[in-house]
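From a predicted model like this one, the values you see are computed outputs, not experimental measurements.
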Amino acid sequence: MTLHFSFLRFPFFLGLCVWLATQSASTPTSTTGTSDSANVKPIAHFTDVAQKAGLTAPVIFGGENTKKYIIETTGTGVAIFDYDNDGWQDIFVVNGTKLEGLPSDKAPTSHLYHNNHDGTFTDVTEKAGLTHTGWGQGVCVGDYDNDGFEDLYVTYYGKNVLYHNNGNGTFTDVSEKAHVAGSGNMWGTGCAFVDYDRDGKLDLMVANYVDFDSATALSPGERPSCIWKGVPVMCGPRGLPWAKNILYHNLGNGVFEDVTAKAHIDQTKGHYGFSISTFDYDDDGWPDIFVACDSTPSILYHNNHDGTFTDVAVVAGAAFNDDGREQAGMGSTVGDYDGDGKLDLFKTNFSDDTATLYRNNGDGTFDDKTFPAGFGLNTQYLGWGVMFVDVDNDGWPDLLLVNGHVYPEVDSQGLGSNFQEPKILYHNNGNGTFTDISANAGPGITAVSSARGLAVGDLWNEGRMSAVISNMNALPMLLVNDVRNGNHWIAFRTIGTSFSSGSGASKSNRDGIGAKITVKVGTRTLVDEVRSGSSYVSNSDSRVHFGLGAATRIEWVQVRWPSGLVERFENLPVHEIHTLKEGTGTPVHPSPASPKP
């Protein structure tokens, strides 16, 4: 996770000048905090209500005051999903352990919190059968068997776990039976369910970090790569063996096949994989896969439509930053930040560096717009989870980032950073630029922690997006936005119909993961996709949420299903979460090509 370079370069100063210009020209008055705006309602005000809401189990992860090995630094993810189909989103927080281990009766487990519909949650972990222990890492959600209930996949340092949702509030570990547990020698991080071959069954992509063995691991300071700013620190990832990413193909009988080699996923080597974001970046109807990598170039697996992928990150402009440098990537998120109808990409990185915004040019390439967009000044933080989320429902996706350093030594040695760090909330100005409104966005944003995973969702079905954050060796956070405004919103849940297909025609996975949703509202067109995974090793509410600003109606919503079917739905009222079922809309012609046999 170490990265060393100078910021004394032309793009920085050019970007700084552009950023300063955008701040004076486009900063909303409600974000300044000056006497002129003291009485103006803030754009957002987030409060942490986790303890009050019942999220009371701490995330245990390695040493608190020192980190001997890299395994103690990466933290865990969180998931927001509706496990019991009651229409309310529940919360799952992955847990870890400690190097010295803990007695079996005190071993930390992950925690499932049931939404009580009244602002509180009940811990139902034991009842649900989710009591696995170990070095938990990431989580993703998807209905892999199309039975109508969301299943869980949790990555570990060691064997991963696939929990089948039994539909009665309980889960069963089917990892070995489904052939997705792995060898037990790998370090799984990010994951995502994705129907890469569009056969109506969700496949599974798993990122792996390093080939780590505590029995042979180096001690802090033992090599030059184990020294940061002159201080001995834990080693890695540089100098440690890398691990390959894994792609599992769903065979449709409860079993997956490892197609890593067949799909050419293994042809990209020498990377330390962290988070996975799936999106159809070239809008050809086939899902592609982005992997944020630590201390190595990012990976962008382009879907070749024939069961194989090609890593095009370098030629597409998504492997490096604008200076042509590899970065220490952690989390990633996808959204159309500039409203041009093309999905863009944002990535968090190590401290002494900026996060990175990649603008989608629509021709299969990306441009680094980090500095022109206003992200050039926050270089002191080490970023992890990140999500595009419209916090004020003005129709422009904002950005929430969570941070925390990996070296506890930064506090005692005065290395220019803090081990516990605040969050950052960037407000989208609607003109291609963002404003940092963190200082006035509430105590939930300014509070410091060693944050890692982040998921966002509409936990109370009222159009206000909340955030769940995993903090190392502390309670998770549940951030609720206290600000209400007059802006409008609409959201969509998708249901594919592969599970009820009797005609032989190609249908979509039941979750509709990979579906592209387009909303026509006034003169604007809003787009997003249904996806699993993303952020940092986390999984957000899969219902697609759009802020509408002052608009009180939409013209129509169009869905391009993974099967290739394009349908339009009309006369949908705002301020509602609509369920869109494949085959019930008005077909739009021409439709993209269906999957190859």
Side-chain angles (χ1 to χ4, degrees), residues 1-7 58-77 96-100 135 137 157 187 189 209-210 212 214 217-240 242 272-275 292-296 325-331 347-355 378-386 401-424 447-454 469-474 536-537:
M1 288 174 226
T2 54
L3 194 67
H4 307 281
F5 57 87
S6 171
F7 277 96
V59 176
I60 306 300
F61 210 88
E64 297 185 34
N65 301 313
T66 184
K67 303 286 186 183
K68 184 177 181 180
Y69 300 127
I70 194 171
I71 186 64
E72 301 179 83
T73 66
T74 51
T76 71
T97 186
K98 291 182 175 292
L99 284 177
E100 60 272 21
W135 285 106
Q137 300 285 305
Y157 167 53
W187 181 348
T189 49
Y209 190 40
V210 300
F212 177 77
S214 60
L218 300 173
S219 299
E222 196 166 336
R223 286 183 182 175
S225 60
C226 311
I227 297 176
W228 188 68
K229 294 186 177 182
V231 175
V233 294
M234 62 81 189
C235 301
R238 293 189 185 277
L240 298 178
W242 60 277
Y272 306 114
F274 259 148
S275 65
C293 299
D294 189 359
S295 302
T296 50
R325 296 177 182 269
E326 62 192 30
Q327 297 174 286
M330 307 299 176
K347 178 169 67 77
T348 55
N349 297 304
F350 202 79
S351 61
D352 299 321
D353 194 1
T354 67
N378 281 323
T379 62
Q380 71 273 39
Y381 302 128
L382 199 166
W384 297 90
V386 58
L401 291 70
V402 304
N403 309 292
H405 219 282
V406 295
Y407 306 133
E409 293 84 358
V410 297
D411 286 340
S412 60
Q413 299 294 325
L415 300 180
S417 299
N418 295 303
F419 186 61
Q420 295 187 337
E421 298 177 327
K423 275 63 68 183
I424 307 175
V448 299
S449 64
S450 294
R452 295 296 186 263
L454 163 71
I469 301 167
S470 171
N471 298 308
M472 288 202 304
N473 295 310
Y536 173 72
V537 301

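At a threshold of 4.5 Å between non-hydrogen side-chain atoms, the residues D411 and H405 do not count as touching. Annotation: side chain of I469 is in contact with side chain of K423 (closest heavy-atom distance under 4.5 Å). Using a 4.5 Å heavy-atom threshold, the side chains of F274 and T74 count as touching. In this structure the side chain of K229 reaches within 4.5 angstrom of the side chain of D352, judged on heavy atoms. The side-chain heavy atoms of V233 and P220, taken from C-beta on, include no pair separated by under 4.5 Å. Residues V386 and V402 fail the side-chain proximity criterion, which asks for heavy atoms closer than 4.5 Å.
Just one residue in the list W384, F419, W228 forms a side chain to side chain contact (heavy atoms under 4.5 Å, CB included) with V406, and that residue is W384.
Between the side chain of Y272 and the backbone N or O of P237 there is at least one donor-acceptor pair closer than 3.5 Å. Side chain of T296 to main chain of D294: a donor-acceptor pair is present (N/O by atom type, distance under 3.5 Å, no hydrogens or angles). Looking at R223, its side chain never comes within 3.5 Å of a backbone N or O of L218 through a donor-acceptor pair. The backbone N or O of S449 sits nowhere less than 3.5 Å from a side-chain atom of Q420 that would complete a donor-acceptor pair. Judged purely by atom type and a 3.5 angstrom limit, Q137 has no side-chain atom pairing as donor or acceptor with the backbone of V537.
Judged as a side chain to side chain contact (heavy atoms under 4.5 Å, CB included), and not counting sequence neighbours, the contacts of Q380 are N378. For C293, the disulfide bond (SG atoms under 2.5 Å apart) criterion is met by no residue, not counting sequence neighbours.
Summarising the geometry of R452 relative to T76, their closest heavy-atom pair is CB-O, 3.8 Å, with the distance given to 0.1 Å. In terms of heavy-atom proximity, Q327 sits nearest to T354 at NE2-O, 3.6 Å. Nearest approach of G236 to I70, heavy atoms of both residues: C-CD1, 3.6 Å. Minimum heavy-atom separation, P232 to G221: CB-CA, 3.8 Å. Contact record, T189 with Y209: CG2-CB, 3.6 Å, taken as the closest heavy-atom pair. Nearest heavy atoms, T348 versus L401: CG2-CD2, 4.0 Å.
Atoms CE and CD1, on M234 and I71 in that order, are 11.0 Å from each other to the nearest 0.5 Å. Distance OG/S295 to CZ/F350: 7.5 Å, rounded to 0.5 Å. Atom CG in N418 sits 10.5 Å away from atom OG in S351 (nearest 0.5 Å).
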> Can you check ring pair (Phe, Tyr, Trp, His ring centres under 6.0 Å) on Y157 and W187, steps first, answer last?
Replying inline: CA-CA 4 Å; Y157 167 53; W187 181 348; 5.8 Å; yes
Please table the atom pairs, donor to acceptor, closer than 3.5 Å between any side-chain atom in residues 58-69 and protein atoms at least two apart or in another chain.
unit_1 : atom_1 : unit_2 : atom_2 : d
K67    : NZ     : F61    : O      : 3.1
K67    : NZ     : G63    : O      : 2.6
K67    : NZ     : E72    : O      : 3.0

